[in-house]
Amino acid sequence: MKSPLLSLPGAVPAEGVDEGVAAHYGDLFREQRALADGTGFVDLSHRGVLTVSGEDRLSWLHLLLTQHVSDLPTGEATEALILSANGHIEHALYLVDDGTTVWAHVEPGTREALVAYLESMKFFYRVEVADRTDEFAVVYLPAGSIAEVPEGVAVRETPYGRDLFLPRADLESFAASHGPAAGLLAHEALRVEHHRPRLGFETDHRTIPHELGWIGTAVHLQKGCYRGQETVARVQNLGKPPRRLVFLHLDGSDVHLPAPGTEIRLADEGPDGRKIGFVTSSARHHELGPVALALVKRNVPLDAALLAGDTAAAQEVVVEP
């Protein structure tokens with residue numbers, strides 16, 4: 001679904017899974033600084049939007065999600081995962097309940113499978129699941145923004161900013177009154193800075209929540225049974241995850257950022273050494289320079305200098321080994 005905001009001056013389309021919105025509007029660092037200062041907005045209208053309504057919506061979702069949502073207060077934002085039977089991450093949902101309806105946004109390309117799964121689990125519960133992506137678009141306002149939210153719009157307010165579920169027909173008028181627009185690359189740079197994992201970027205087919213620091217923020221350890229809970233409890237109580245998320249400060253003299261999937265090795269073993277991990281996301285930050293998130297083996301020494309491809313990298317702990 002192509003955003004009408006791609007017609008704004010300077011808009012350069014994003015590619016890959018984020019196709020449909022702007023990567024930037026001509027000045028990546030200016031856009032990042034604006035967001036860091038609490039001004040502007042980001043068009044996230046390529047993300048999927050789902051609603052769950054009905055009397056049993058919270059108690060039903062509580063049975064399916066990793067998060068404790070049976071008593072979720074109205075207006076309180078949370079995030080949650082859906083796991084496989086083996087505890088691997090399948091879906092990530094970013095939720096808020098407005099008193100009658102749970103609103104969620106999800107990664108591009110995941111909504112169809114997620115809706116199908118939710119529909120298959122309704123049974124006798126009084127719930128209605130709806131894909132609202134054609135009607136509503138996600139717009140991000142940065143932390144500190146004093147921009148006025150249109151009346152009647154559902155909002156997720158988090159420490160990182162506000163996610164608005166805006167009627168898609170209002171995107172252009174919203175942009176005209178809430179600019180300047182910042183592109184997805186600016187949003188991603190701040191996400192990487194804050195060490196926030198993203199489904200499909202920091203995850204692969206065998207990722208478990210412990211590896212990414214999603215325990216506590218998206219996984220509640222004191223709630224009842226849900227699919228994959230046995231793996232979560234076993235790793236939490238008896239073991240350690242095989243990999244851990246790290247934040248990388250990259251050598252700023254390199255012109256090219258290491259792409260997601262770039263292999264990571266110990267610097268003292270050189271570029272032909274054994275693979276110990278891979279880059280998951282990389283970005284050029286307006287203050288920190290080139291940075292990245294990566295998954296590495298749990299036993300990699302915390303003080304080890306690394307190579308991301310041919311690029312020297314210093315690691316910062318996100319998930320403790």
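In this chain, residues are counted from 1 in sequence order.
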Count the heavy atoms belonging to other residues, nucleotides or ligands that lie under 6.0 Å from [atom1] of [X], then report whether that count exceeds 12.
X	atom1	value
Lys240	NZ	no
His194	NE2	yes
Glu135	CD	yes

### Query
Taking the six-membered ring for Trp, are the ring centroids of Tyr140 and Tyr160 within less than 6.0 Å of each other?
no
Could you pull out the closest heavy-atom pair between [X] and [Y], with the gap in Å?
X	Y	answer
Leu266	Ile276	CD2-CD1, 3.8 Å
Lys223	Gln67	NZ-O, 3.4 Å
Arg156	His105	NH1-NE2, 4.0 Å
Asp251	Pro290	O-CG, 4.0 Å
Phe201	Arg191	CD2-NH2, 4.2 Å
Leu118	Trp60	O-CZ2, 3.3 Å

Just wondering, do [Y] and [X] contact through their side chains at under 4.5 Å, heavy atoms?
X	Y	result
Ile82	Thr66	no
Val149	Leu164	yes
Pro242	Lys297	no

### Task
Name all residues meeting the side-chain hydrogen bond (donor to acceptor under 3.5 Å, both in side chains) criterion together with Arg33; count only those two or more places apart in sequence or in a different chain, and write none if there are none.
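side-chain hydrogen bond (donor to acceptor under 3.5 Å, both in side chains) check on Arg33 returns nothing, list empty.
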### Query
What residues form a side-chain hydrogen bond (donor to acceptor under 3.5 Å, both in side chains) with Arg243, not counting sequence neighbours?
Asp204, Thr207, Glu211
In residues 307-321, what donor-acceptor pairs under 3.5 Å come from side-chain atoms, sequence neighbours left out?
from: Thr311; atom 1: OG1; to: Asp254; atom 2: OD2; distance (Å): 2.6
from: Gln315; atom 1: OE1; to: Arg244; atom 2: NH2; distance (Å): 3.2
from: Gln315; atom 1: NE2; to: Pro301; atom 2: O; distance (Å): 2.7
from: Gln315; atom 1: NE2; to: Leu302; atom 2: O; distance (Å): 3.4
from: Gln315; atom 1: NE2; to: Ala304; atom 2: O; distance (Å): 3.2
from: Glu316; atom 1: OE1; to: His249; atom 2: NE2; distance (Å): 3.0

Side chain of [X], backbone of [Y]: donor and acceptor closer than 3.5 Å?
X	Y	value
Glu31	Asp27	yes
Arg298	Pro241	yes
Arg168	Thr133	yes
Asp98	Thr101	yes
Arg227	Leu83	yes
Glu79	Leu95	no

### Message
List the residues meeting side chain to side chain contact (heavy atoms under 4.5 Å, CB included) with Pro108, not counting sequence neighbours, and say none if there are none.
### Response
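Side chain to side chain contact (heavy atoms under 4.5 Å, CB included) list for Pro108, sorted by chain: Val17, Asp18, His46, Arg47, Arg198.
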### Message
Tell me every residue that passes side chain to side chain contact (heavy atoms under 4.5 Å, CB included) with Ala292, counting only those two or more places apart in sequence or in another chain.
### Response
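In terms of side chain to side chain contact (heavy atoms under 4.5 Å, CB included), with neighbours along the sequence ignored, Ala292 is linked to Leu248, Leu250, Val279, Ser282.
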Which word best sums up how the rings of [X] and [Y] line up, parallel for under 30°, tilted for 30 to 60°, or perpendicular for over 60°?
X	Y	value
Phe247	His195	tilted
Phe136	Trp103	perpendicular
His62	His68	perpendicular

### Query
Going through the checks in order, is the salt bridge (charged side-chain N to carboxylate O under 4.0 Å, His left out) test met by Arg57 and Asp97?
CA-CA 10 Å; Arg57 66 189 184 283; Asp97 184 78; 2.7 Å; yes
### Query
Honestly curious: do Val296 and Leu212 fall in one hydrophobic cluster under the side-chain, below-4.5 Å linking rule?
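Val296 and Leu212: separate clusters.
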#### Entry: From CA spacing to verdict: side chain to side chain contact (heavy atoms under 4.5 Å, CB included), Leu199, Leu81
CA-CA 10 Å; Leu199 182 78; Leu81 309 175; over 6 Å; no
### Whichever hydrophobic residues join Leu28 through chains of side-chain contacts under 4.5 Å
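Phe29, Leu185, which link up through side-chain heavy atoms under 4.5 Å apart, make up the rest of the cluster.
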### Task
Evaluate the side chain to side chain contact (heavy atoms under 4.5 Å, CB included) criterion for residues Leu171 and Ser45: first the C-alpha distance (whole Å), next the side-chain angles of each, then the deciding distance (0.1 Å), finally the verdict.
CA-CA 9 Å; Leu171 263 176; Ser45 61; 3.9 Å; yes
### Message
Is there a side-chain hydrogen bond (donor to acceptor under 3.5 Å, both in side chains) between Glu202 and Ser281? Walk through the geometry before answering.
### Response
CA-CA 7 Å; Glu202 279 60 59; Ser281 300; 2.6 Å; yes
